[in-house]
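Working notes, beginning with the structure itself.
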Amino acid sequence: MSLTNSFDDIIHGRRTIRKYDNRKRIPREELAKILTEATSAPSSLNMQPWRFIVVESTKTKEKIKPLLTANHIQCDTSAALICLFGDLQPHSNLTKIMQGSVDYGTMTPDIRDQQIEKLTNYYQRVSQEQIKNTILLDGGLVSMNLMLVARKYGYDTCPIGGFEKEQLAAALGLDSGRYLPLLIISIGKAAEKGYQSYRLPVADITEWL
């Protein structure tokens, strides 16, 4: 396990990598740790609506490769493709999350019961459009966290947004009416240096009031 200790390297050393060393695999235990740390990202009402499908096998990669608009090199050479979905029923784990908070010591049983009732009522009246918008935000938070955590472990990534979103869930055996495809993140050991893309100066994108 290779951990990068420099915060500066984690932030400024990150590159979007298109070609990986396909001889380098990531142990499943290590990848699970990366996902665990990535899910420390915040989410609306702490519902953690993200769901991951980790595609490691050549067989499954070949199955979803035709759904990619481009990025075929990432598909072929990466150690894995992490397919991120948002659960359009984000409250499906409501009771488990609230009880976990009690077990963790951050919530009392009385507050747990109040929160379960309050949030159950909320999700009965909130629109699917609102849920979708929230999931898109939560997905962005966990995705960036995942890419930075991957850097800490010495791996590189590439976020892939160009794919047939209407078909990905079904291709991976998920209910396409419930699970919203958000992003595919390739991960592995870079076989190229990559480059740092230009960023606008803060002065160009910030106002101080």
Practice task
Look at the rings of Phe85 and Tyr179 and say which category their plane angle falls in: under 30° parallel, 30 to 60° tilted, over 60° perpendicular.
Solution key: perpendicular
Exercise for the section: Say whether, by atom type as modelled, one donor and one acceptor occur between the side chain of Thr206 and the main chain of Ala203 under 3.5 angstrom. Expected result: no
Exercise for the section: Starting at OG of Ser101, measure out to CG of Asn46 and round the result to the nearest 0.5 Å. Expected result: 6.0 Å
Problem - Residue pair Ser143 / Leu84, side-chain heavy-atom distance below 4.5 Å - result: yes
Handout entry: From CD (Gln74) to CD1 (Ile160), nearest 0.5 Å
Key = 5.0 Å
Practice task
Kindly check if the number of other-residue, nucleotide or ligand heavy atoms within 6.0 Å of CZ (Arg178) is above 12?
Solution key: yes
Practice task
Would you mind reporting whether Cys83 and Val55 have side-chain heavy atoms less than 4.5 Å apart?
Solution key: yes
Handout entry: Whether Arg25 side chain and Ala79 backbone form a donor-acceptor pair below 3.5 Å
Key = yes
Exercise for the section: Taking atom types as modelled, find out whether Asp110 and Gln114 have a side-chain donor-acceptor pair closer than 3.5 angstrom. Expected result: no
Completion exercise
All heavy atoms of Ser186 vs all of Ser78, minimum pair found to be CB-CB, 4.0 Å
Fill in the blank from the handout: Distance col, row Thr69:OG1 vs Glu164:CD, nearest 0.5 angstrom, shows 5.5 Å
Exercise for the section: Spell out, as yes or no, whether a donor-acceptor pair under 3.5 Å connects the side chain of Tyr155 to the backbone of Ile34. Expected result: no
Completion exercise
For Val149 and Ala38 the tightest heavy-atom approach is CG2-N, 4.1 Å
Handout entry: Nearest heavy atoms of Ile116 and Thr120, plus distance in Å
Key = O-OG1, 2.6 Å
Completion exercise
In terms of heavy-atom contacts, Lys152 and Glu37 come closest through NZ-OE1, 2.6 Å
Practice task
Report yes or no: do Ile17 and Ile10 belong to one cluster of Ile/Leu/Val/Met/Phe/Trp/Tyr joined by side chain heavy-atom distances under 4.5 Å?
Solution key: no
Problem - Residue pair Asp113 / Gln115, side-chain donor-acceptor N/O under 3.5 Å - result: no
Problem - Minimal non-hydrogen separation, Thr77 against Arg18, with atom names - result: OG1-O, 4.3 Å
Handout entry: Under 3.5 Å: donor-acceptor pair, side chain of Lys19, backbone of Ala191
Key = no
Practice task
Measure from the side-chain N and O atoms of Lys193 to the backbone N and O of Arg15, and report whether any donor-acceptor pair falls under 3.5 Å.
Solution key: no
Exercise for the section: May I have the step-by-step check of side-chain contact (heavy atoms from CB on, under 4.5 Å) for Asn22 and Asp76, ending in yes or no? Expected result: CA-CA 8 Å; Asn22 59 10; Asp76 292 338; over 6 Å; no
Practice task
Decide yes or no for Cys75 and Leu68: does some side-chain heavy atom of the first lie under 4.5 Å from some side-chain heavy atom of the second?
Solution key: yes
Handout entry: Spatial distance of atom NZ (Lys63) from atom CG (Leu168) [nearest 0.5 Å]
Key = 10.5 Å
Practice task
Check the hydrophobic clustering (I, L, V, M, F, W, Y; side-chain heavy atoms under 4.5 Å; chains of links allowed) and say if Ile187 and Val54 are grouped together.
Solution key: yes
Practice task
Look at the side-chain heavy atoms of Ile, Leu, Val, Met, Phe, Trp and Tyr, link any pair under 4.5 Å apart, and say whether Leu180 and Leu146 land in one connected group.
Solution key: yes
Exercise for the section: Specify the closest pair of heavy atoms between Ala41 and Asn145, including all atoms of both residues, with the distance to one decimal. Expected result: N-ND2, 3.4 Å
Exercise for the section: May I ask whether Leu35 and Ile53 are part of the same hydrophobic cluster, defined by side-chain heavy atoms of I, L, V, M, F, W, Y residues being less than 4.5 angstrom apart, directly or through others? Expected result: no
Practice task
Would you indicate whether the side-chain heavy atoms of Leu119 and His91 approach each other to under 4.5 Å?
Solution key: no
Problem - Met98 CE to Thr106 OG1 distance, which is reported to the nearest 0.5 Å - result: 9.0 Å
Practice task
Start with the C-alpha gap between Asp87 and Ser92, add the side-chain angles, then the distance that decides, and say whether side-chain hydrogen bond (donor to acceptor under 3.5 Å, both in side chains) holds.
Solution key: CA-CA 8 Å; Asp87 189 350; Ser92 60; 3.2 Å; yes
Problem - Under 3.5 Å: donor-acceptor pair, side chain of Asn71, backbone of Gly162 - result: no
Practice task
Report the residues that fulfil ring-ring contact (aromatic ring centres under 6.0 Å, His included) with Tyr122, sequence neighbours left out, ordered by chain and then residue number.
Solution key: none
Problem - Check: Glu117 main-chain N/O paired with Asn121 side-chain donor or acceptor under 3.5 Å - result: yes
Practice task
Could you tell me whether the side chain of Val126 reaches within less than 4.5 Å of the side chain of Thr134, counting heavy atoms only?
Solution key: no
Problem - Ile135/Ile131 under side-chain contact (heavy atoms from CB on, under 4.5 Å): CA gap, chis, key distance, verdict - result: CA-CA 6 Å; Ile135 283 175; Ile131 289 175; 3.8 Å; yes
Problem - Point-to-point distance, once rounded to the nearest 0.5 Å, from OH of Tyr20 to SG of Cys158 - result: 5.5 Å
Practice task
Report yes if the side chains of Ile111 and Val102 come closer than 4.5 Å at any heavy-atom pair, otherwise no.
Solution key: no
Exercise for the section: Could you check Gln48 against Ile97 for side-chain contact (heavy atoms from CB on, under 4.5 Å), going step by step and ending with a plain yes or no? Expected result: CA-CA 9 Å; Gln48 306 162 54; Ile97 291 169; 3.9 Å; yes
Exercise for the section: Take Leu31 and Ile82 through the test side-chain contact (heavy atoms from CB on, under 4.5 Å) and record every step on the way to the result. Expected result: CA-CA 10 Å; Leu31 193 46; Ile82 301 174; 4.2 Å; yes
Handout entry: Lys189/Asp21 under salt bridge (charged side-chain N to carboxylate O under 4.0 Å, His left out): CA gap, chis, key distance, verdict
Key = CA-CA 6 Å; Lys189 285 284 188 179; Asp21 183 344; over 6 Å; no
Exercise for the section: Kindly work out whether a path of hydrophobic side-chain contacts (I/L/V/M/F/W/Y, heavy atoms less than 4.5 Å apart) joins Tyr123 to Leu136. Expected result: yes
Handout entry: Over 12 foreign heavy atoms within 6.0 Å of NZ, Lys24
Key = no
